[in-house]
Amino acid sequence: MIIISESKSIRSAVEMQWNELHRRKRDLNYGRFDASLFSRAQIKTSVPSWAKRIMAKGPLDRADDDCKKLHALLRGLKSFDKFTEPIQLAMCKAFTYFSVDCGRTILRRGHVGQNFYFIFSGSVFVNVEETNSKGQTFYKTEVVLKRGESFGELALLKDIRRTATVTCRESCEMFVVDKEVFAQVCPRIFERELDEKLRFLKSINIFQNKFWSPDKLSSLAFDAQIQQFKTNKVVVKDSWKDEWFYICMTGQCKVIKCLSVHDVRNRRISVREDHGLKGKLKILKTSTISSSEDDDDRDEYFSENEEHRMIDSIEKKRLLAAMEVRYRDLDEEEDTNKSSSNLVLRFREDEIKEESEEEFEEEDRSGIITLNTLMREKKRSNPDRIFVFMHIGNLDSKQAFDIKPLFEKDKDKSSGLILVSNGCKMFRIRKETWKKMMNHESEQLVDHVKSIADNDPYPSERTIISSYLQKCQWESYKRQTVKSALLCSNRFTDIFIRKSANKSNEVINRLRRLSAKSKPDIEPMKKKLNESKERDYVTKWLADSVQLKHKDNEIRIEETITIEDRRRISMIVPKVEKFT
Ligand SMILES: Nc1ncnc2c1ncn2[C@@H]1O[C@@H]2COP(=O)(O)O[C@H]2[C@H]1O
């Protein structure tokens, strides 16, 4: 028999928020026609009445055909598919049907376990008790489980009390296995899962050490979870704040750093000027970000406004760009053999696609969001700030993600790294479990893990900011050179103005305004472009166009220019061809 607790349980903040939101929605929609009740999704996810009738029979009264029918209904559910077919059929003989309304408590932490549950429809909150720094206990939603997932196995497997409180998030339909049946058929499958986790742990660098006793590894494996993520789903929003420590089992993830331009501007980080542009290009004012060697060198081509304009255009495009940066650490910078082109960041506009509101809703329900949603969340919570998302590396199979937060405190409250799936299976260990375990471990073990953390492959925040600033400088330099090239070549400007007359008065006016200013000397700029190691197409094109000798037919400008330049240059390109 299934007993649902009638008394009110202590809710987590997430749960209360959810209930409040849904109460308001319900009030708002009261009396309205609910089309969702008739949607295909709804029809598909309710337990059919024939299945309920089968489950109303006792196990001995169920014919083989009944079991096969139930089996066909449940096949495809993630948790159910973990079991072998004979076990699945055995469970079909014993399943009972259970439906529960939103807000009810299904099982409570500390109680004796009686059942194991498969969720057929709806979703549940798994709430665990936590203690804050003041010693107060509170409930926190650990995870939201949905259709296809199961819960309630820990108490039955380990013969312990319930480890969490499970409450109903949306009205749920469940298939329930009694503990006796569970004890007969299920443990083997969980043992196999535990074996898989143990084998994986042992294959990871951090755990290959004689100081990890088999017992320690087993308890880590028992507490660990395996999760799968589809492409573009956010695995970790912030590595400093996440309560889990992740290792990639299969597939790959992108490691992304979110920079707030506001913070960048206020950090006094110097930009190394070692890529042929020394002393000339300071996008950021020396009052906000200093260049260590050249504070007094005010020979700037670009004002702060210039930078704002560039950032604004990014903003307008809602780009909050996912960028690619290959970096080198400032500490390594003595190695002058490395090409400065390593510092180039590339916009990945293609990755920022619009999402429909529906998709957004769906993600909210599952609790896992996409990178786009995370970007929007950031923007929404800090509307005055401009964020830049930089792709700083990848996480491949058997690699652990950002080990440092396991040892260090986030002293300066800077944000950590973001992990986004490219399609992956992840292994996660609760940081709390890890820390408790490490407290009792030998110093050698701690040193072993720390030494691995020290070889973390990700650049420091300082390096990332420095690389970003260099990128800004370079983009700005290129933009200014385009401007100069336009001004210097009368013929070019004339054609541009004439041909675009019908298209945009604004552009023409802007060009006229530019022409009114004094023309910069193009020769030093040309020299810089030629000297620069960054020989991309735009550079080449600009250098050549000044001499009116370029061969434009081969130039794939679309691939190489920044978003803002593209607007300006794409209008020019057809005319450029006439020079050949
Ligand atoms: N962090 C978690 N992630 C997913 N499920 C959990 C988590 N913690 C507890 N549970 C589930 O919640 C259940 C509570 O009862 P049990 O301890 O029997 O088994 C537990 C697990 O099935």
Side-chain angles (χ1 to χ4, degrees), residues 2-5 9-15 77-80 82-83 91 98 100 104-120 122-131 137-169 172 174-183 185-187 189-194 196-197 219-229 235-237 241-247 249 366-368 425-437:
I2 297 146
I3 301 161
I4 313 169
S5 173
S9 75
I10 305 160
R11 311 277 168 185
S12 74
V14 172
E15 195 180 341
L77 292 190
K78 197 166 76 183
S79 296
F80 191 66
K82 280 201 290 204
F83 297 92
M91 285 198 283
F98 172 45
V100 58
R104 302 292 292 272
T105 302
I106 300 163
L107 53 88
R108 204 178 267 269
R109 186 179 175 277
H111 283 192
V112 176
Q114 298 292 346
N115 298 296
F116 172 62
Y117 303 81
F118 286 101
I119 305 173
F120 189 82
S123 60
V124 299
F125 292 107
V126 176
N127 294 336
V128 293
E129 217 174 84
E130 297 254 309
T131 311
T137 50
F138 62 96
Y139 272 83
K140 195 195 73 183
T141 294
E142 186 72 22
V143 70
V144 170
L145 301 176
K146 302 162 286 155
R147 174 177 160 80
E149 293 180 297
S150 59
F151 60 90
E153 77 291 356
L154 294 184
L156 307 187
L157 278 174
K158 283 185 161 184
D159 201 16
I160 52 173
R161 299 291 176 127
R162 292 293 193 196
T163 58
T165 297
V166 180
T167 57
C168 191
R169 186 170 177 259
C172 283
M174 283 176 256
F175 285 66
V176 184
V177 182
D178 173 85
K179 76 171 175 190
E180 266 81 38
V181 178
F182 183 89
V185 297
C186 297
I189 203 71
F190 286 100
E191 274 164 24
R192 212 180 303 152
E193 199 174 274
L194 189 65
E196 185 195 352
K197 290 195 236 172
S219 19
L220 262 191
F222 196 89
D223 189 52
Q225 292 176 1
I226 297 174
Q227 286 189 309
Q228 280 186 315
F229 293 87
V235 181
V236 178
K237 284 185 185 175
K241 295 184 186 136
D242 205 287
E243 279 151 30
W244 297 85
F245 161 57
Y246 285 81
I247 306 170
M249 289 184 92
S366 71
I368 297 173
K425 187 168 161 187
M426 303 298 290
F427 186 91
R428 63 177 198 172
I429 299 167
R430 216 186 301 267
K431 282 182 187 166
E432 212 41 53
T433 314
W434 167 281
K435 280 177 188 162
K436 271 185 210 149
M437 207 163 269

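Only heavy atoms go into these numbers, but all of them, side chains included; no hydrogens, no water, no symmetry mates. Order of appearance sets the numbers: ligands from 1, and atoms from 1 within every ligand.
Using a 4.0 Å cut-off between a side-chain N of Lys or Arg and a carboxylate O of Asp or Glu, Arg161 and Glu129 do not qualify as a salt bridge.
The closest side-chain heavy-atom distance from Phe222 to Lys158 is below 4.5 Å.
Interface of Glu142 with ligand 1, defined as ligand atoms under 4.0 Å from a residue heavy atom, comprises 1 (N), 2 (C). Within the listing of ligand 1, atoms 1 (N) sit less than 4.0 angstrom from a heavy atom of Arg430.
At distances below 3.5 Å, at least one donor-acceptor pair connects side-chain atoms of Ser79 with backbone N or O atoms of Ser150.
By the side-chain hydrogen bond (donor to acceptor under 3.5 Å, both in side chains) test, Glu180 pairs with no residue at all, sequence neighbours left out. For Asp223, the salt bridge (Lys or Arg N to Asp or Glu O under 4.0 Å) test picks out Arg430, with sequence neighbours left out.
At a 3.5 angstrom cut-off on N or O pairs, Ala155 counts as close to ligand 1. Inclusion of Arg161 in the set of residues having an N or O under 3.5 Å from an N or O of ligand 1 is not warranted. Considering both main-chain and side-chain atoms, Arg428 never comes within under 3.5 Å of ligand 1 through any nitrogen or oxygen pair. For ligand 1, none of its N or O atoms has an N or O atom of Ser150 under 3.5 Å away.
Nearest heavy atoms, Ile106 versus Met174: CD1-CE, 3.5 Å. Contact detail for Ala164 and Val128: the closest heavy-atom pair is CB-CG1, 3.9 Å. Minimum interatomic distance between Val100 and Phe98 (heavy atoms only, all atoms of both residues): CB-CZ, 4.0 Å. Considering all non-hydrogen atoms of both residues, Asn115 and Arg162 come closest at O-NH2, 2.8 Å.
Of the protein's non-hydrogen atoms, the one nearest atom 20 (C) of ligand 1 is Thr163 OG1, 3.7 Å. Nearest protein neighbour of atom 5 (N) of ligand 1, counting heavy atoms only, is Val143 CG1, 4.0 Å. For atom 2 (C) of ligand 1, the nearest protein heavy atom (residue, atom name, distance) is Gln225 NE2, 3.0 Å. With hydrogens left out, the protein atom closest to atom 13 (C) of ligand 1 is Gly152 N, 3.8 Å, a heavy atom.
Distances from atom 14 (C) of ligand 1 to the heavy atoms of Leu154, Ile106, Val144, Leu107 put Leu107 nearest. The heavy atom nearest to atom 11 (C) of ligand 1, out of those in Val126, Val124, Leu156, is found in Val126.
With a 4.0 Å cut-off on non-hydrogen atoms, Arg162 touches ligand 1 through its backbone as well as its side chain.
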